[in-house]
Amino acid sequence: MPPAPRVRFAPSPTGFLHVGSGHSALANWLFARQSGGELLLRIEDTDAERNRPELVDNVLEMLEWLGLTWDGEPVYQSQRGDLYRDAAAKLVAGGHAYYCDCTAEQVQARAKERGGKPGYDGHCRDRGLEPGPGRALRFRVPESGATGWVDLIRGDVAFEHANIEDFVVLRSSGAPMFLLANAVDDADMGITHVIRGEDHLNSTPKYLLLLQALGIAPPGAFAHMPLLVNEQRKKLSKRRDDVSMADYRDRGYLPEAMVNYLALLGWGPPDGVEVRPIPELVELYRLEDVNPSPAFFDLKKLSYVNAEKIRALSPEAFRARAGAHLAAQGVDPAVLSEASAALASLTTEVQERVRTLGDVQPMIEFLYVDEPTMDDASWQKAIVKGKAVVEMLDATIAGLEALGPDHWQPEPIRGAIEAAAVTAGHVSADGTAQLSKAQGPVRVAVTGRSVGPPLFESLAVLGRDRTLARLRSTRRRLG
RNA sequence: GCCCCCAUCGUCCAGCGGCCUAGGACGCCUCCCUUUCAAGGAGGUAACACGGGUUCGAAUCCCGUUGGGGGUGCCA
């Protein structure tokens, strides 16, 4: 029986976790959970200059938020220097690496002189330099032959050694480089499947060469995931694209929606059912079926998936999530309890209308603020450009005033507004009330917006006094 | 420049030599339902990059072209 698969997610704490890394992390997680294997976490913080420890917290927090649980404690490369130095010493002893005192400038200058191809020219290969200050350790890439592997996603991939330069494995400071640490750690941690982004494809032969020189068997399989790209078909980047995972959380996207959507990028379930519970994704996901082409991160579809996930929630769960989101947004506790009460009274009406949890607050705000914020476009549309607005408001006020507090329920309110519509002339051919047009001014006067939850229910929840006050206030504004 | 990867509707995915006058999903459009907006229902729009092979037969296999992307750091 082959050993249980063991995979790893190895982020570098040089930025917030973004959706592209999340995509790779997810592939690892799905594979681990489905195969009964393990997912290890390794923080690749060998670059002391760019490394920002506080970002590790963000990465871990986001993985937890997404539900991408890992096994064991995270491993920090910054604490494993000895391992890499030992490996480097082995390389030197075996004649697989040599010291080099060329500066970046010198390397570049010579490349320019040579014309054409940039990169290191092997200048110090046979100089027999001893270790010392200003001297980096370079790997001696074989002059002929090629190194390749069978990629689970891409099939056969191979690189000729002639095209691989002698790369640095130890900086002149003695600090290990990514390639060395990465390969040594994967071996040390017993990684069986290396699942990562396509941006690592070109470094894989170096990784393999390193292990071979070290006399270590390579991982059983590699899978290079398609890159996530923007509308310009460029790799998603922190600078120009909206990629911070935390931002999506803060805007009210559900973790299960993000996970579900990310799984759909580069892969599709065999039965075509795209939005489904995470356990089903775990069961169905196949690395072998992942599409090698880059995939566009489409906010519209994410949004759709999110709306589906929100509607799939029980009303109680929806309320809890929306409340938690409001709280996380730093809403004042007093306001929060009012908002929660407001939401409780219109839960399903709101739930089926929002696409993100961030949409909840604007939809129910009119229920607990003293004066609803008036949306200019709505005012223009329903009040300024509406027909028989004054008549409609007057008739509605009169009709609702006639409604006693005991009858302040959706149906009686509907009756009053329908009657007002008829009075104001909003009738269809058969003489019955035409609510589609008539309700506009009332809705805007009371809620400040032309869209929102169903009107009669909203007014019932708002209460008689506040409803009438707002209607009168708007009526006064019209002179 | 060089190396590598990729190439089906606007987007994501299906298709793994005949079931394809290419299917599903998002988006967009139309209509229905309807108290706004959603949701829901019924339709519609829209693609095999190009050129050569192989084969009785190609979206599917091979080669080339073109296009796109990634890498090319003493970053990861």
Side-chain angles (χ1 to χ4, degrees), chain A residues 10-15 44-47 49-51 77 100 102-104 107-108 115-120 134-138 151 153-154 157-160 162-165 167-173 175 177-179 181-182 197-205 224 226-227 229 231-235 261 264-275 289 291-298 300-305 307 311 349-355 359 363 378 382 414 417-418 421 433-440 442-444 447 449-458:
Chain A
S12 156
T14 52
E44 308 221 318
D45 53 355
T46 52
D47 185 358
E49 302 284 306
R50 302 201 315 158
N51 178 27
Q77 290 190 326
C100 166
C102 298
T103 62
V107 172
Q108 260 172 35
K117 58 173 95 172
Y120 186 67
R135 290 178 181 180
L137 186 67
R138 283 183 186 274
D151 197 281
I153 296 174
R154 283 150 219 282
V157 184
F159 291 73
E160 286 184 32
N163 292 319
I164 305 173
E165 64 179 314
F167 55 94
V168 173
V169 292
L170 236 42
R171 286 172 248 246
S172 50
S173 67
M177 289 289 290
F178 151 73
L179 244 5
N182 189 258
E198 196 201 327
D199 45 350
H200 289 283
L201 197 70
N202 297 273
S203 65
T204 302
H224 286 92
L227 252 24
V229 300
E231 42 279 277
Q232 281 83 239
R233 311 281 328 165
K234 303 264 193 218
K235 179 170 80 161
Y261 176 62
L264 260 20
L265 256 20
W267 175 82
D271 59 7
V273 179
E274 296 186 320
V275 180
D289 293 338
N291 191 324
S293 319
F296 171 60
F297 186 81
D298 187 3
K300 287 226 178 83
K301 184 132 186 185
L302 201 215
S303 178
Y304 161 78
V305 174
R311 280 183 231 111
E349 286 83 353
V350 172
Q351 185 176 2
E352 61 189 11
R353 284 172 174 73
V354 295
R355 282 173 96 75
D359 294 339
M363 196 170 283
S378 297
R414 177 197 193 105
I417 290 178
E418 277 179 345
Q434 203 168 35
L435 253 16
S436 61
K437 287 175 183 159
Q439 56 96 41
V442 178
R443 176 182 291 280
V444 171
T447 72
R449 311 174 77 203
S450 58
V451 300
L455 186 62
F456 314 132
E457 287 76 2
S458 295

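Note that the coordinates shown come from a computational prediction; the quantities given were computed from them, not determined experimentally.
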Aromatic centroids of A:Y261 and A:Y304 separated by under 6.0 Å: no
Watson-Crick/G-U partner (both atom distances under 3.5 Å) of B:rC2: B:rG71
Separation of the C1' atoms in B:rU60 and B:rG18, to the nearest angstrom: 11 Å
Touch class at under 4.0 angstrom, heavy-atom based, for A:G15 against every strand present: nothing
Sugar-phosphate, base or nothing in reach of A:L201, heavy atoms under 4.0 Å: sugar-phosphate
When you compare the protein's N or O atoms with those of nucleotides 69-73 of chain B, which come within less than 3.5 Å of each other, and at what distance?
unit_1	atom_1	unit_2	atom_2	d
B:rG69	OP1	A:K234	NZ	2.7
B:rG70	OP1	A:K235	N	3.2
B:rG70	N2	A:N202	OD1	2.8
B:rG70	N2	A:N202	ND2	3.4
B:rG71	OP1	A:K235	NZ	2.8
B:rG71	O4'	A:N202	ND2	3.3

Counter-base of B:rC19, judged by Watson-Crick or G-U geometry with both distances under 3.5 Å: none
Base-pairing assignment for B:rA25 (Watson-Crick or G-U wobble, both under 3.5 Å): B:rU11
Minimum-distance nucleotide (side-chain atoms of A:S172 versus B:rC12, B:rU36, B:rC74): B:rC74
Separation of B:rG10 C1' from A:E231 CD (nearest whole Å): 12 Å
Salt-bridge present (A:K235, A:E198; N to O < 4.0 Å): no
Separation of atom CD in A:Q108 from atom P in B:rC2, rounded to whole Å: 19 Å
Touch class at under 4.0 angstrom, heavy-atom based, for A:E274 against every strand present: base
Rounded distance in Å between the C1' positions of B:rU54 and B:rC61: 8 Å
Residue-phosphate contact under 4.0 Å: A:S450 side-chain N/O, B:rC37 OP1/OP2: no
C1' gap between B:rC32 and B:rC9, integer Å: 26 Å
Watson-Crick or G-U counterpart of B:rC50, or none if no pair lies under 3.5 Å: B:rG64
Nearest-angstrom distance from the residue atom OH of A:Y261 to P of B:rC26: 13 Å
Presence of A:R355 side-chain N/O under 4.0 Å of B:rA38 phosphate oxygens OP1/OP2: no
Sugar-phosphate only, base, or nothing, as touched by A:T46 at under 4.0 Å among non-hydrogen atoms: sugar-phosphate
Phosphate-side-chain proximity, A:R414 and B:rU35, N/O vs OP1/OP2 below 4.0 Å: yes
Among B:rU35, B:rA76, B:rA7, the nucleotide that comes nearest once only the side chain of A:L435 is considered: B:rU35
Touch class at under 4.0 angstrom, heavy-atom based, for A:G440 against every strand present: nothing
Listed partners of A:V354 passing side chain to side chain contact (heavy atoms under 4.5 Å, CB included), at least two apart: A:I310, A:F318, A:V350, A:D359, A:V360, A:M363
Sugar-phosphate only, base, or nothing, as touched by A:F456 at under 4.0 Å among non-hydrogen atoms: base
Sugar-phosphate, base or nothing in reach of A:A295, heavy atoms under 4.0 Å: sugar-phosphate
Gap in Å between the two C1' atoms, one belonging to B:rC31 and one to B:rA14, rounded: 29 Å
Polar side-chain contact A:R154-B:rC5 base: donor and acceptor under 3.5 Å: no
Per A:L265 side chain, nearest of listed nucleotides B:rC74, B:rA76, B:rC12: B:rC12
Sugar-phosphate only, base, or nothing, as touched by A:N291 at under 4.0 Å among non-hydrogen atoms: sugar-phosphate
Spacing of the P atoms in B:rC19 and B:rA58 (rounded, Å): 11 Å
Any A:S293 side-chain nitrogen or oxygen under 4.0 Å from OP1 or OP2 of B:rA7: yes
